[in-house]
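Some notes on the structure that comes next.
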Amino acid sequence: MSIQFLGMIGHRLASEIIPASGPLFDKNYIADFARAHEAAGFDRILVGYWSDQPDGFLVTAHAAAHTSRIKFLLAHRPGFVAPTLAARKLATLDNLTDGRLAVHIISGGSDSEQRRDGDFLSKAERYARTDEFLSVLNNSLTATEAYDHQGDFYRAERAFSAIKPLQSKLPVYFGGSSPEAIEVAARHADVFALWGEPLQGAAETVQTVRAAAAKRGRDIKFNISFRPIIGKTEKEAWERAEHIYETAQKQLAESGYTFGLPKPQSVGAQRLLAAANESDRHDKVLWTGVAKLVSGGYNSTALVGTADQVSDALLDYYHLGIDSVLIRGFDPLNDAVEYGRELLPLTREKVAALSRGKRSA
């Protein structure tokens, strides 16, 4: 079993420690950022979704036009585009990117965020809608003739998509820690995405999701997200982490950030915050300083240490059956370059050595 590395690109330079600069839609930065990930050896890059930011379909298309090998993971929220149309958009984009696309379905963990785009459903209703959305989406992506659909959220007559993905199967990523989310993942997801929890919590989630998928005769893969902070020595890495915390705290305060729970309906955010409140350090090198600062609002847990220490920590999750890792830095572009130089090849070699050991045993 190999290991996959995902990165994440934005549409302009910004992070918790770097004030946003340049145009909101910075075409040159998007292209440079995507190329940096490709040169660093990443397998795939995530393009996120926000209710007030540039359209991810177009960000992905632009990034793909300036790369040739790296794959993409496009975040998409059900509810704003009919699944029949979403299928055609995704299939078209997969053809445009030469079969390099996957989709990350996000039901939404914040009522206020959803309402900005006109969605007033409850969290439970959003997951029910996602379940139906994915069923219709799959029908459109695979059906060889027109079909009818009548459900609680969508109706269609003689629906058909003439364009199909270039890939035989468009990979579907999905995340969420609530029982409703796990049920949707068990039915539809190819890859279940976790935020960077301590090992015990991640192991429990993997076991729960795997069992739910098995009941439906399905196998499922797993991805987990971290923010590695690497130093030449352990001391240097922790000094960098402390500087990042102080800088992020100052920048967030100056921006008017309220330091409340940004995703109050997100069980995943609640789990991260609970871990952060328990301790700012877990396992070998897991650090929750920034996660606590942003109230567990997104993938904000860090792995802090030398490249060797961080890669060993990643192997601990790999042994749980998590063979895909999304990593992004607090200095986004420069950190992606550093990961490609220091972390990715080292971790891949350790995984390869494990595989060789198993074959010779």
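Values reported hereafter were calculated over all heavy atoms of this structure, with side chains retained and with hydrogens, waters and symmetry mates removed.
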> Heavy-atom distance under 4.5 Å between the side chains of Thr97 and Asp94, does that happen here?
Replying inline: yes
>> Tyr173 vs Leu46, test: side chain to side chain contact (heavy atoms under 4.5 Å, CB included). Steps then yes/no.
In response: CA-CA 11 Å; Tyr173 287 61; Leu46 171 66; over 6 Å; no
> Judged by atom type as modelled, is there a donor-acceptor pair below 3.5 Å linking the side chain of Gln167 to the main-chain atoms of Leu101?
Replying inline: yes
>> A quick test of your reading: do over 12 heavy atoms of other residues, nucleotides or ligands sit less than 6.0 Å from CG of Asp219?
In response: no
>> Taking Val191 as the starting point, is it possible to reach Phe174 by hopping between hydrophobic residues whose side chains are less than 4.5 Å apart?
In response: no
> Which pair of non-hydrogen atoms, one from Leu141 and one from Ala87, has the smallest distance, and what is that distance?
Replying inline: CD2-O, 3.5 Å
> Is the shortest heavy-atom distance from the side chain of Phe192 to the side chain of Val206 under 4.5 Å?
Replying inline: no
> Would a distance-only check, ignoring hydrogens and angles, find a side-chain to backbone donor-acceptor pair under 3.5 Å from Asn138 to Leu134?
Replying inline: no
>> Looking at every non-hydrogen atom in both residues, tell me the closest pair between Ile220 and Ala185 and how far apart they are.
In response: CD1-O, 3.9 Å
>> For a 4.5 angstrom cut-off between non-hydrogen side-chain atoms, does Asn139 reach Pro83?
In response: no
> Do you reckon Ile9 sits in the same ILVMFWY cluster as Ile70, going by side-chain contacts under 4.5 Å, direct or chained?
Replying inline: yes
> Measuring from His149:NE2 to Ser140:OG, what's the distance to the nearest 0.5 Å?
Replying inline: 10.0 Å
> At their closest point, which heavy atom of Ala248 faces which heavy atom of Ile17, and how far apart are they?
Replying inline: N-CG2, 3.8 Å
>> Checking Phe133 now: which residues fulfil ring-ring contact (aromatic ring centres under 6.0 Å, His included) with it, not counting sequence neighbours?
In response: His76
> Rounded to the nearest 0.5 Å, how far apart are CG of Leu6 and OG of Ser324?
Replying inline: 4.5 Å
> Honestly curious: do Val285 and Ile244 fall in one hydrophobic cluster under the side-chain, below-4.5 Å linking rule?
Replying inline: yes
> For Tyr339 and Phe5, what are the C-alpha separation, side-chain angles and deciding distance, and is it a ring-ring contact (aromatic ring centres under 6.0 Å, His included)?
Replying inline: CA-CA 10 Å; Tyr339 298 154; Phe5 281 99; 9.0 Å; no
> Is there a donor in the side chain of Arg100 and an acceptor in the side chain of Thr67, or the other way round, less than 3.5 Å apart?
Replying inline: yes
>> Heavy-atom count check: over 12 atoms from other residues, nucleotides or ligands less than 6.0 Å from His319 NE2?
In response: yes
> Counting distance only, does the side-chain N/O of Arg227 pair as donor-acceptor with the main-chain N or O of Arg328 below 3.5 Å?
Replying inline: yes
>> With a 4.0 Å cut-off on N to O distance, would you call Asp312 and Lys284 a salt bridge?
In response: no
> To the nearest 0.5 Å, how far apart are CG in Leu166 and OG1 in Thr92?
Replying inline: 11.5 Å
> When you look at Lys221 and Asp323, which way does the salt bridge (Lys or Arg N to Asp or Glu O under 4.0 Å) test go after all the steps?
Replying inline: CA-CA 7 Å; Lys221 291 182 174 293; Asp323 63 352; 3.5 Å; yes
>> Salt bridge check, Lys232 against Glu342: does any charged N sit closer than 4.0 Å to a carboxylate O?
In response: no
>> Is there a continuous path of hydrophobic side-chain contacts, each under 4.5 Å between heavy atoms, that joins Ile3 to Ile230?
In response: yes
> Do any N or O atoms from the side chain of Lys164 and from the backbone of Ala143 form a donor-acceptor pair under 3.5 angstrom?
Replying inline: yes
>> When you compare the side chain of Leu170 with that of Val172, does any pair of heavy atoms fall below 4.5 Å?
In response: no
>> As an exercise, state the distance from CZ of Phe42 to CZ of Arg69, rounded to the nearest 0.5 Å.
In response: 13.5 Å
>> Once rounded to the nearest 0.5 Å, what's the spacing between atom CG of Leu320 and atom CG of Leu315?
In response: 11.0 Å
> In this structure, are over 12 heavy atoms from other groups packed under 6.0 Å from Gln200 atom CD?
Replying inline: no
> Between Glu239 and Lys235, is there a side-chain N and carboxylate O pair less than 4.0 Å apart?
Replying inline: yes
> Should we say atom NZ of Lys169 is surrounded by more than 12 heavy atoms from elsewhere, each under 6.0 Å from it?
Replying inline: yes
> Among all residues two or more places apart in sequence or in another chain, which pass the ring-ring contact (aromatic ring centres under 6.0 Å, His included) test with Phe33?
Replying inline: Tyr29, His37
> Do side-chain atoms of His66 reach the backbone of Arg35 as a donor and acceptor pair under 3.5 angstrom?
Replying inline: no
> Can you tell me how far CG of Asn223 sits from CG of Leu73, rounded to the nearest 0.5 angstrom?
Replying inline: 8.0 Å
>> Quiz question: by atom type and distance under 3.5 Å, do the side chains of Glu236 and Thr233 form a donor-acceptor pair?
In response: no
> Where do Ile229 and Ala302 come nearest, in terms of heavy atoms and distance?
Replying inline: CD1-CB, 3.9 Å
>> So does Asp308 get a backbone contact from the side chain of Lys350, meaning a donor-acceptor N/O pair under 3.5 Å?
In response: yes
> Can you check whether Leu199's main-chain N or O pairs, donor with acceptor, with Asp283's side chain at less than 3.5 Å?
Replying inline: yes
> Does the side chain to side chain contact (heavy atoms under 4.5 Å, CB included) test come out yes or no for Phe153 and Leu121, once each step is laid out?
Replying inline: CA-CA 11 Å; Phe153 300 94; Leu121 296 185; 3.8 Å; yes
>> Is any side-chain heavy atom of Phe57 closer than 4.5 Å to one of Lys89?
In response: yes
> salt bridge (Lys or Arg N to Asp or Glu O under 4.0 Å) between Glu183 and Lys215: does it pass, once the steps are laid out?
Replying inline: CA-CA 11 Å; Glu183 285 302 306; Lys215 288 180 181 179; over 6 Å; no
> If you measure from the Lys or Arg side-chain nitrogens to the Asp or Glu carboxylate oxygens, is any gap between Arg240 and Asp335 under 4.0 Å?
Replying inline: yes
> Does the side chain of Lys123 come within less than 4.5 Å of Ser178's, by heavy atoms?
Replying inline: yes
> Do you know the tightest heavy-atom contact between Ala63 and Ala34?
Replying inline: CB-CB, 3.8 Å
> Between Ala212 and Ile182, which heavy-atom pair has the shortest distance, and what is it?
Replying inline: CB-CG2, 4.0 Å
> Do Val47 and Ile30 share a hydrophobic cluster (ILVMFWY, side-chain heavy atoms under 4.5 Å, transitive)?
Replying inline: yes
> Taking the side chain from Ser311 and the backbone from Thr347, do they hold a donor-acceptor pair closer than 3.5 Å?
Replying inline: no
> Around atom CZ of Arg155, are there more than 12 heavy atoms of other residues, nucleotides or ligands at under 6.0 Å?
Replying inline: no
> Looking at side-chain heavy atoms only, is the closest gap between Leu13 and Asp26 below 4.5 Å?
Replying inline: no
> Pairs in or reaching into residues 130-143: which pass salt bridge (charged side-chain N to carboxylate O under 4.0 Å, His left out), with residues at least two apart or in two chains?
Replying inline: Asp131-Arg187
> Any donor-acceptor pair under 3.5 Å linking the side chain of Glu180 with the backbone of Ala124?
Replying inline: no
> Taking the side chain from Ser122 and the backbone from Glu125, do they hold a donor-acceptor pair closer than 3.5 Å?
Replying inline: yes
> Lys71 versus Gln4: any side-chain heavy-atom pair under 4.5 Å?
Replying inline: no
